Each structure stands twice: as structure tokens, then as C-alpha cells.
Amino acid sequence: MLIADLLKQEFRKGFRSQAFYRGLAVKLFMGFMTLYFAAIFITIGFSLGKILEEVHDTRTPLELINGASVYIILAALTIRFFMQSLNTLNLQAYQSLPVKRSTLVNFILLKPLFSIGNYLTLLVVIPFAVRSVSAWHSGWVALQFVVVCILIIWMDIWLASYLKRRFGSDLRAFVVILLILVGVAALEYFKVFSVFGFSMKIFGFVMMNPLGLVVALLVSGMAYGLNLMFFSKNYYPEKFNEKLSRGENKVTGGFSFLEKYGTIGELIQLQIRLIFRHKRTKSLIYMSAVFMLYGLLFYTNEMYSGSPAWLIFCGLIVTGMASLTYGQWVISWESNYFDAILTKNIPAKTYIKVNYFILIAFNVISFLLSTPYLLMGTKFFFLHVAMFLFNTGINAFLLIFTATFNNKRIDLSARSMFNYQGTTYKSFLIILPVMFFPMLITFILANFLSFNMILLVLGLLGLSGVVSIPYQMKLCTQQFVRRKYALAEGFRESE
């Protein structure tokens, strides 16, 4: 079968690539982390039924899962829309061969189904089905539950691919999807329409009735059919690329006013274009926006809200996740054309200043977006003020200074999901002091000071860092000058 041969070629290409044999330490670490989280998911799967039994006295665990299914599917679809990379194929190489178009299109659509990462949720689903669903209902219902979940995963994969190909993953798409999610949640919260009750009825039929398998299969097939319809009109590469690139400059075009600020303004504009034109950087920014909702989990849970260290950790994420994730590779993002930067008339001080401004801008935007947490209490507002100062005055310096040690090349045109390119043991060493140093300070001070005094100490530390930013820039500039040729040498090595 030709599709099987194509899959075999892709498998061999992955193992024959030089990148597969580089960064072995990182791959081993990621493998260990995968096993660690797999064990956690399995544990959650076996415990989920018991937890749900305590949540509601009259409804079964499966009924509660059915009621939440719409929210789960929408959340998974959103994550896939921004994180899942589009599968591509060098069409020109096959168009001159006796290979049908339909075969190549089907290969592109079926390829992600063979990725193990797409089935991690089954580590929760299968134990839950075995222990809870079979106990409350029957073994057949448990089996149908697992099969339907697999079909839903397929539907999400194909639907996310279609939406991404059809509309692109620009800022407008993110805003539209976020508004849809907020709208659905608002309908439930204000009791205008019970999405939970509607979901429980629909998925109750799908999970319990044998015809539900047919319904799930048809819906999944419709998502597959949408992709086939799209490819039937956009098969040729030039037409396909036109669809994806349409409106590319709409986001960055609004920042042309920066050009009047000279070299610094032009470089900042180029950084903004870099962020919104490439999959991996866009995904980091969008996911950072999602992490801003972490406060809803930590601040409303007594286990975390009563712990100063956990509150500090959450405050760091809410007010600085964008700068923390982007800042780890703040120099490596430009590895493709780093040699060109060195040959231009760009002073090292100016280059470092631009990176500082980008990280500070991320912190300012995150802080402003976090102001609605004031409705939950002034305690969280002061927490965010202190963490904003700490992220700006301390962490921005640490990120830029330590980024000079990360000389692994990053290909921005590569996929965004499960892409660890540029990640080394240095990346983990960089993030450790940034994330856990303030928690360590909090853990020590909690034995002597109140939470408000701890916030005052961390805020003053951050404020002192803000005041000394010119001196920090000088240190980072000196470090960059010492390391720039080592960085250039490392960036020239393609994986």
C-alpha cells in the first residue's frame, strides 16, 4: 500500500536525520519526563472515578465526564489549533511520479494519527474506563467510552488542521477562539443556557448507546472530509502557500511607528515580526496568555492560597510567563541570521537594549492583563505588583545574561509542537534560578515575616533591579561581547 510506504519513508527519515543523534542528553531527559508524566496521568486515571464520586452525590462519574465533554473538546481543540504543527510534504518531489493526488493528501491527513503524543490522554481515559466506567455500567460501555475518546482525538486533530489551514493561526484567530470559550463559559455561569446539561445528554447517548459509535465515527469522518474539500481547491503548493500567508503583515504592520526611533525602533519592529511570523514563537506567546489563567486555579484553592511560596510561584507565571518562555532563547531566536547581525552596524549595547525592551514590554502587557484579578482581592493585586517588579528588575537580567550561554541553533520554520530544538541542559539551568529563587526566598522569609512583608521585600528587590537596569545592560553587553563569536559558531551548526 502506497500510504504505508510513505509512512515508512517518514519513519526512516526521522532516524536517519543527524538531529536524531544530537542532543542525546536532552532526549534522555525528555524521555524521563515523559515517563514521569505518564505515571502521573495513569495515577489520575485510576483516581478520577473516586474523586468524581465525591464531587456529586447523585450523578455517576461518567455522567459528570459527559457533562464536561464540550468544555474538554473545546479546550483540546484550542490547544491543538495553536500548538499542533501542520503536516506537510514536498509535493514537487511526488508530482512528477505516478502517485495520485488523493494518496498524498490522505497521507498528510493520516500521518498525525501515528504520533504517540496525540494519545497521551488515553493514559487517563483507559484506567478511568477500566476502574470506574466498567464498575458503574458494564465492560461494553467502558470499551465504547475508550473507542469514542479515540474518535474524538482524531476529530480534534483533523478539525484543528482544517481551521489552521483555512484561517491561519494569527492573533485574530486567537481572539475569536478565546471569545468563543469565554462566551460558552458565560452562558453556563449566568444560567442562560446549560452547556453542561446539553453536553451530558448528547454524550450520554454517544457513550451509552451502540449507535453512539456510528455518530462519533460520522462526526470524525466529517472533520476528515473538510480537509479533503480544502485540499481539492488548494492542492498546488503555490496556491496552498498563498492561503497560509494571506494577511501575514496585518499584525506587524501596525508597529511601523517604531521606525522613527532609529535603530532601536527598527530592531524592535523586526523582533515583533519574528514573533508573529513563526510557529514556535507564536505558540509560546499564545500559551503564555493561557497560563495567565493559572490564578483561577491557585488563588481559589485553599491548598495553594494558604502557601506563600505557591502564591509567589503563581504570581511569577501570571505576570511574566511570556518573558520567561521567550527570554530563555532571546538570542537563539535570531540564530538563522546571527552572522548578518554581527556584520551590521549594530552596537552590542543597542542589541542588548532591544532585548531588554522586548522582555519588559512582555511584563508590562502581562501585568495590565492581570489587573482583573483585583476583583478577587487587593492581596492578589499587590502580589502581581511585586512579581512584576521582580520579573522586570531581576529576571529580565538573568534571562538575557544566561541566554548568552545557549549557543544551539533554532530553526523557526520547524514545527511548534514537541519541538525541543535549541533546548539543552543549559536551558533547564537557566530557568531554575529564575523560577525558584524567589520561592526559596519566600520559603525562608515565611518563618519570620508575614506575607505582606515578603511581598514588600521581593518588590523592593525588583525595584532596586529596575533602578539599576542601565548597569545591568552594561554587564549583559560585556558578556555578549565575550560570547558572541562562540554563539555564532554554535548557531552555524545545523541539526
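Model, not experiment: these values are computed from the prediction. All values below were derived from every heavy atom in this structure, side-chain atoms included, with hydrogens, water molecules and symmetry-related copies excluded.
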With sequence neighbours excluded, residues passing side chain to side chain donor-acceptor pair (under 3.5 Å) with Ser323 = Asn363
query = With Thr121, which residues qualify under side chain to side chain donor-acceptor pair (under 3.5 Å), at least two apart?
reply = none
task = Using side chain to side chain donor-acceptor pair (under 3.5 Å) as the criterion, list what pairs up with Thr325, not counting sequence neighbours.
result = Ser288
request  = With sequence neighbours left out, write down each residue that passes side chain to side chain contact (heavy atoms under 4.5 Å, CB included) with Leu374, or none if nothing qualifies.
outcome  = Thr378, Phe381
note = Sorted by chain and number, sequence neighbours left out, ring pair (Phe, Tyr, Trp, His ring centres under 6.0 Å) with Phe451 holds for none
Residues in side chain to side chain contact (heavy atoms under 4.5 Å, CB included) contact with Ile365, at least two apart in sequence or another chain = Leu369
Which side-chain N or O atoms in residues 308-315 pair as donor and acceptor under 3.5 Å with protein atoms at least two apart or in another chain?
none

request  = With sequence neighbours left out, write down each residue that passes side chain to side chain contact (heavy atoms under 4.5 Å, CB included) with Val70, or none if nothing qualifies.
outcome  = Leu74, Val195, Ser199, Phe203
remark   = Across all chains, not counting sequence neighbours, the side chain to side chain contact (heavy atoms under 4.5 Å, CB included) partners of Val364 are Ile360, Leu368, Phe388
request  = Scan residues 465-475 for pairs that pass side chain to side chain donor-acceptor pair (under 3.5 Å), counting only residues two or more places apart or in two chains.
outcome  = Tyr356-Gln472, Ser468-Gln472
ask   = By ring pair (Phe, Tyr, Trp, His ring centres under 6.0 Å), which residues pair with Phe382, not counting sequence neighbours?
value = none
request  = Only pairs at least two apart or in different chains count here, so list each side chain to side chain donor-acceptor pair (under 3.5 Å) that has a residue in residues 440-456.
outcome  = none
